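Here is the naming used below: chain letters follow the sequence lines, and residue numbers restart at 1 for every chain. All values reported here derive from a predicted model rather than from experimental measurement.
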There are 2 protein chains.
Amino acid sequence: MKFKNHLEKFIDVNDEQLAFILPYFKRLEVPKKQNLMEAGQRCHSHYFVLEGCLRKFFIDDKGVEQTTEFAIENWWMTDHRAFENEESTDFYIQAVENSVVLTISYSSQEQLMVEMPIMERYFRKVYQRAFAALQMKIKYNFTYSKEEYFHHFNAHYPAFVQRVPQYLLASFLGLTPEYLSEIRNKKRS
Amino acid sequence: MKFKNHLEKFIDVNDEQLAFILPYFKRLEVPKKQNLMEAGQRCHSHYFVLEGCLRKFFIDDKGVEQTTEFAIENWWMTDHRAFENEESTDFYIQAVENSVVLTISYSSQEQLMVEMPIMERYFRKVYQRAFAALQMKIKYNFTYSKEEYFHHFNAHYPAFVQRVPQYLLASFLGLTPEYLSEIRNKKRS
DNA sequence: CGCGACGTTGATTTGCCTCAACGATTGTGG
DNA sequence: CCACAATCGTTGAGGCAAATCAACGTCGCG
């Protein structure tokens, strides 16, 4: 089972423990373009992607969707600020492809960690890794121009670049679709 | 004791537990301008600021110092990518003021979490909070122009803006000292 | 087949950087 | 306690990366 394989990358877990853990989660199938979370609502859930791809975006004051994050298989996603404070969010989470996710509520996640120390350990490692990844991303903002950032990203995650539409990728990289197009076609020179 | 007060914001800890925890850490006094970590070295330590202020920076390909992060009282700091993989870092960590810090090595931190589940919980919460904060920061990058970002930051952390020299603040905010100066003096119009 | 979503191209504009020069302030040695 | 240098902040001229705006081509889908 996929989720067990994922957990085992971080902790040792036997079938008995797994049977205890699973009921805390709910499995959800989300068709492409459907929203899992919407701005203005309470942020109830933390989502884990089993299959497919999600994106998180907000709508800026000019009415443009700004995609700040993608999640593919084996990644967690939510608006963490809102999730942890159980407040309302400014983000949308939307399926980029037909997807299958696990969801867990804040209180369930907290309770699970209390009852199962290995899950406390699991989430500690997940957050630690995610934090380190975000720090890297912030460093890239200082290091690269937008053009360089695209080339870097394209070199590291070529499969992902193929996988999502270009205008979403552009938004995620913090540039306009027009400029991304220009960059890509510049290569020929 | 300061560190105990800090821990108690996240977990319940009695004196006996504290006595067990403390030996894992080393106390260090760092005079202003001194480096705790240097690019090219192995990243051995995670630093917790008891007093004073640290900054983390790297040197870009033009030779300019880019400050990516500050840490004041009750914040942790290290190059997490390098720390977790016990690799060499590209960052410097330098005292902005005369400072007092606690340090812990990667292996000690891991061992502490194994031996004391409450510390696993503590670090889980710390990473979780830090991760949420970084996600906010990334959202700001999409939301604000550099000028707006400065005003936002200045409105939220006026004391901190006073506390550090302007050219470090400029670097941290991702703009040049010249442009920050221009922004600040524009207000009069 | 026609419409809407997506990608491209080019002209123009702008936010912010670069470079250079100049005050102000600080600290340091004589 | 004063000169002198170094560090830091300011100002302005000029330039560039990337955005904006508008128009058009293309493809997939109902």
Side-chain angles (χ1 to χ4, degrees), chain A residues 31-35 53 55 57 59-68 70 92 94-98 140-154 160-189, chain B residues 31-35 53 55 57 59-68 70 92 94-98 140-154 160-189:
Chain A
K32 184 171 171 173
K33 293 277 180 184
Q34 184 170 306
N35 289 340
C53 177
R55 72 181 177 113
F57 67 93
I59 303 201
D60 69 17
D61 33 339
K62 289 174 194 154
V64 180
E65 292 182 1
Q66 299 288 354
T67 297
T68 62
F70 287 104
Y92 297 79
Q94 187 179 81
V96 177
E97 307 167 353
N98 295 328
Y140 293 146
N141 287 167
F142 283 87
T143 309
Y144 297 125
S145 69
K146 306 234 161 164
E147 183 173 355
E148 289 166 337
Y149 189 38
F150 164 71
H151 289 312
H152 173 88
F153 193 84
N154 193 38
F160 185 76
V161 171
Q162 300 294 76
R163 191 167 166 180
V164 300
Q166 212 165 301
Y167 72 104
L168 292 183
L169 183 67
S171 176
F172 173 69
L173 295 176
L175 39 77
T176 58
E178 293 94 328
Y179 190 52
L180 179 54
S181 175
E182 188 184 328
I183 287 169
R184 297 187 64 147
N185 297 78
K186 198 189 279 186
K187 279 189 172 176
R188 298 175 193 143
S189 62
Chain B
K32 185 172 170 171
K33 294 274 179 188
Q34 184 170 306
N35 290 341
C53 178
R55 72 181 176 114
F57 66 96
I59 303 201
D60 69 17
D61 34 338
K62 289 175 194 155
V64 180
E65 292 181 2
Q66 299 288 353
T67 297
T68 62
F70 287 103
Y92 297 79
Q94 188 179 79
V96 176
E97 306 167 353
N98 295 328
Y140 294 146
N141 286 167
F142 283 88
T143 310
Y144 297 125
S145 69
K146 306 234 161 163
E147 182 172 355
E148 290 167 337
Y149 188 39
F150 164 72
H151 290 312
H152 173 88
F153 193 84
N154 193 38
F160 185 76
V161 171
Q162 301 293 78
R163 190 167 168 181
V164 300
Q166 212 165 302
Y167 72 104
L168 292 184
L169 184 67
S171 175
F172 172 69
L173 295 175
L175 37 78
T176 59
E178 294 95 330
Y179 190 52
L180 179 54
S181 176
E182 188 185 328
I183 287 168
R184 296 188 64 148
N185 297 78
K186 198 188 278 188
K187 279 189 171 174
R188 297 173 192 146
S189 59

| Options D:dT10, C:dC6, D:dA19, nucleotide nearest the side-chain atoms of A:Y179 | D:dA19
| message | Between B:R55 and B:E65 (salt bridge meaning N to carboxylate O under 4.0 Å), is one present in this structure? | response | yes
| query | Side-chain N or O of B:T176 less than 4.0 angstrom from OP1 or OP2 on C:dC16? | reply | no
| request: Starting from P on C:dT12, measure out to CD on A:E182 and report it in whole angstrom. | output: 15 Å
| said: Would you say the ring centers of B:F160 and B:F70 fall short of 6.0 Å from each other? | reply: yes
| Are A:F153 and A:Y140 close enough that their ring centres sit under 6.0 Å apart? | no
| Gap between atoms CD and C1', on B:E65 and D:dC8 respectively (whole Å) | 14 Å
| said: Can you confirm if the aromatic rings of A:F172 and A:F57 lie within a centre distance of less than 6.0 Å? | reply: no
| said: If you only use heavy atoms from C-beta on, which nucleotide in D:dG9, C:dC6, C:dT18 is closest to the side chain of A:Y167? | reply: C:dC6
Give me the distances for all protein-to-nucleotides 19-27 of chain C N/O pairs that come in under 3.5 Å?
unit_1: C:dC19; atom_1: N4; unit_2: B:E178; atom_2: OE2; d: 3.3

| said: Whole angstroms only, please: what is the CG-P distance between B:L168 and D:dC8? | reply: 8 Å
| Any idea which of C:dT9, D:dA19, C:dC16 is nearest the B:E147 side chain? | C:dC16
| field | For atom OH of A:Y149 and atom P of D:dA18, their distance in whole Å | value | 13 Å
| task | Kindly indicate whether the side chain of B:L175, heavy atoms from C-beta on, has any atom under 4.5 Å from the side chain of B:I183. | result | yes
| field | Inter-residue atom distance A:Q94.CD - A:K32.NZ, 0.5 Å rounding | value | 10.5 Å
| task | Would you classify B:L180 as touching base, sugar-phosphate or nothing, given that sugar-phosphate means primed atoms plus P, OP1 and OP2, and contacts are heavy atoms under 4.0 Å? | result | nothing
| Can you check the A:N141 CG to D:dA17 C1' distance for me, whole Å? | 15 Å
| message | Whole angstroms only, please: what is the CG-P distance between A:D60 and D:dA19? | response | 13 Å
| message | With a 4.0 Å cutoff (strictly under), does any side-chain N or O of B:K62 reach OP1 or OP2 of C:dC17? | response | no
| Separation of D:dA17 P from A:I183 CD1 (nearest whole Å) | 11 Å
| Whole-Å distance between D:dG28 C1' and A:Q166 CD? | 17 Å
| query | Does some side-chain heavy atom of A:L180 sit less than 4.5 Å from a side-chain heavy atom of A:T176? | reply | no
| remark: Judged by nearest nucleotide, the residue sitting upstream toward the 5' end of DNA chain D, A:S145 or B:P177, is B:P177
